[in-house]
Trainee: 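Right, I'll just put the structure down here and ask away after.
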Amino acid sequence: MDDAADNHGLVCAFHLDPVQPFDGDALVSSGDAASRPRWLHFNVADARARRWLQEESGLPPAAVKALIEPDPRVHVERIGAGMLAVLSDVHHDFGTDPEGFGKIRV
């Protein structure tokens, strides 16, 4: 598969300010579009997403580790010049075991 066509496990992506959806080209874009704030939603169960985050994202190692390694605690912490938030995922079936809830990492 052509690397430019590979979405690297990207589920969806948005430019922020103003909010506009965009596709997997976000991972290879350059220029003005790449300098705008972005929201990239990855499926970290996908090995391509973990590989992209580790090798191509340009994020500090501590941020990558926080995004891809499981952490059961709901918390917010400072990582370098940024912030990490681990939030509980929202489920509609509240009769399930709360330990089964997923986590969202931002």
Trainee: Can you see which heavy atom on Phe14 is nearest to which on Pro21, and at what distance?
Mentor: CD2-CA, 3.6 Å

Trainee: Of all the heavy-atom pairs spanning Val76 and Met83, show the shortest one and how long it is.
Mentor: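 Nearest pair, atom of Val76 first, then Met83: CG1-CE, 3.5 Å.
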
Trainee: Determine, step by step, whether Val44 and Leu67 satisfy the side-chain contact (heavy atoms from CB on, under 4.5 Å) criterion, reporting the C-alpha distance in whole Å, the side-chain angles of both residues, the deciding distance to 0.1 Å, and the verdict.
Mentor: CA-CA 8 Å; Val44 293; Leu67 289 169; 5.5 Å; no

Trainee: Is the backbone of Ala45 close enough, under 3.5 Å, to the side chain of Arg50 for a donor and an acceptor to pair up by distance?
Mentor: yes

Trainee: Hey, could you give me the NZ/CG distance between Lys65 and Leu59, rounded to the nearest 0.5 Å?
Mentor: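 Output value for this atom pair is 15.0 Å.
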
Trainee: Closest approach of Ala49 and Gly9, non-hydrogen atoms and distance?
Mentor: CB-CA, 4.1 Å

Trainee: Kindly give the heavy-atom pair with the smallest separation between His75 and Arg73, and that separation in Å.
Mentor: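 Where His75 meets Arg73 most closely, the heavy atoms are ND1-O, 2.9 Å.
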
Trainee: I need the minimum non-hydrogen distance between Phe42 and Leu53, along with the two atoms involved.
Mentor: CE1-CD2, 4.1 Å

Trainee: Over all heavy atoms of both residues, which pair between Val11 and Asn43 is shortest? Give the atoms and the distance, please.
Mentor: CG2-N, 3.7 Å

Trainee: Give me the one residue out of Leu10, Leu40, Val64 that meets side-chain contact (heavy atoms from CB on, under 4.5 Å) with Trp52.
Mentor: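 Single side-chain contact (heavy atoms from CB on, under 4.5 Å) partner of Trp52 among Leu10, Leu40, Val64: Leu40.
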
